[in-house]
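Every value quoted in this text rests on a predicted model; they were computed, and no experiment measured them.
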Amino acid sequence: MTRNTIAPEIARSWLLVSGIRTNDFDTAANSRADQIILDIEDAVDPKLKTGARASVIDWLTAGGSGWVRINDRSSGFWSDDVDGLKGVPGLAGVMLAKTESASHVTETFVRLGGTVPILALVESALGIEESPSIARARGAFRLGFGSGDYRRDTGTSADDLAMAYPRSRLVIASRIGNLPGPIDGPTVGSSHPVLRQKAEHAVALGLTGKLCLELDQLTVINETISPTQSDAMWARDFLDDFESRGRVIRDGSDLPRLGRAEKICRLAKAFGVMPIRTQRE
């Protein structure tokens with residue numbers, strides 16, 4: 001029923017699907033999304049949340065696999081969400097909406113049985129400032145940026161400069177917590193050039209994934225966040241040279257470049273990025 005093969009630690013594209021759009025679940029699972037998130041939080045009217053939760057649980061129990069965005073810890077729906085999802089086969093993990101403290105993550109993790117990874121979605125000024133402790137919380141798997149709600153909370157514009165601080169804060173927090181790079185918020189709209197520019201900017205800041213709302217955004221996101229062929233070629237050439245000289249360190253730049261080259265090669269292999277062959281090969 002699903003085709004996702006990219007591990008969530010390095011997943012680039014995270015496709016959000018409303019929990020009431022049950023006909024879209026299989027389509028999403030068989031799409032180019034690295035991971036899918038069935039949304040029973042903001043994408044569902046409060047009156048329909050109980051039914052949406054039941055539909056998501058039914059799909060996961062019947063053989064589907066994916067993440068679920070649940071309601072925030074302070075809401076009246078959180079308790080029913082975690083109790084309903086506990087032990088459900090096919091549940092890859094939970095995205096916790098509006099995370100503002102480490103305790104939100106840990107309480108969710110414990111209530112789910114202590115084995116389900118928690119993707120903490122940070123969506124407010126308080127959450128951004130608490131992100132280092134959130135990243136170190138028990139059960140924290142990765143951080144996500146709820147950019148729309150953050151803008152609503154702070155009055156910040158969508159300008160790249162205005163949004164650089166919260167994105168960078170999540171990157172630093174993820175490193176402090178020894179987590180994979182954070183996941184950027186979605187880009188709303190149908191312009192692929194704009195989407196590519198926003199994704200490139202996020203990558204430049206150190207984010208390694210992006211939420212998306214539409215199927216046709218997946219290819220752009222996956223391509224933009226993957227290593228380029230030229231990056232993969234450089235990494236392979238550097239590693240070949242490093243091995244040919246007996247792994248001898250020549251100067252202070254070798255170890256940083258070695259780490260970068262090894263990371264690029266791992267990602268290029270995982271994402272199926274093939275370096276361009278030179279004529280001598």
Side-chain angles (χ1 to χ4, degrees), residues 8-12 14 16 35 37 39-43 67-79 81-82 93-112 114 116-188 198-213 225:
E9 291 87 351
I10 60 171
R12 304 155 295 182
W14 294 73
L16 285 159
Q35 298 289 325
I37 307 169
D39 189 356
I40 57 175
E41 194 236 357
D42 274 357
W67 292 66
V68 178
R69 175 159 77 164
I70 65 171
N71 293 276
D72 65 276
R73 177 63 184 87
S74 64
S75 78
F77 300 102
W78 175 84
S79 185
D81 286 348
V82 291
V94 159
M95 172 183 278
L96 178 62
K98 299 177 177 62
T99 307
E100 293 189 325
S101 73
S103 64
H104 289 177
V105 175
T106 301
E107 288 177 30
T108 302
F109 181 68
V110 171
R111 282 282 291 271
L112 285 167
V116 176
I118 308 299
L119 199 168
L121 191 63
V122 179
E123 308 184 68
S124 66
L126 177 58
I128 289 294
E129 290 306 287
E130 291 293 324
S131 58
S133 63
I134 291 171
R136 288 179 288 192
R138 182 184 173 209
F141 174 77
R142 205 166 168 182
L143 302 182
F145 184 31
S147 50
D149 277 330
Y150 172 82
R151 289 177 55 205
R152 181 175 61 183
D153 183 48
T154 61
T156 307
S157 77
D159 180 79
D160 287 340
L161 180 61
M163 299 292 274
Y165 172 75
R167 288 184 170 119
S168 294
R169 179 80 170 172
L170 292 179
V171 170
I172 298 301
S174 296
R175 183 67 191 94
I176 291 171
N178 198 30
L179 303 182
I183 300 164
D184 195 26
T187 296
V188 179
K198 294 294 185 183
E200 288 174 347
H201 182 73
V203 170
L205 290 173
L207 291 92
T208 58
K210 190 168 180 62
L211 297 173
C212 56
L213 305 173
I225 298 180

From E123 atom CD to R152 atom CZ, the distance as rounded to the nearest 0.5 Å: 8.5 Å

Residue pairs passing the side-chain hydrogen bond (donor to acceptor under 3.5 Å, both in side chains) test with at least one member in residues 171-184, sequence neighbours excluded, are R167-D184, D184-K210

In sequence, state the C-alpha distance, the side-chain angles, and the governing distance for L211 and I37, and then conclude on side-chain contact (heavy atoms from CB on, under 4.5 Å). CA-CA 9 Å; L211 297 173; I37 307 169; 3.8 Å; yes

Side chain T99, main chain A120, donor-acceptor under 3.5 Å: no

Just by modelled atom types, is the K198 backbone N or O under 3.5 Å from a matching donor or acceptor in the D160 side chain? no

Presence of salt bridge, K98 and D153, under 4.0 angstrom: no

Within the 4.5 Å heavy-atom criterion, are L96 and W78 side-chain neighbours or not? yes

Per the salt bridge (Lys or Arg N to Asp or Glu O under 4.0 Å) rule, what does the pair list look like for residues 99-110, sequence neighbours excluded? R73-E107

Beyond-backbone contact of R142 with L179, side-chain heavy atoms, under 4.5 angstrom: no

Relative to each other, are the rings of W14 and W67 parallel, tilted or perpendicular (30° and 60° limits)? perpendicular

CG-CD1 distance between L207 and I183, expressed to the nearest 0.5 angstrom: 9.0 Å

Between R169 (side chain only) and I128 (backbone N and O only), is there a donor and an acceptor less than 3.5 Å apart? yes

Ignoring hydrogens and geometry, is there a side-chain-to-backbone donor-acceptor pair from R151 to T156 under 3.5 Å? yes

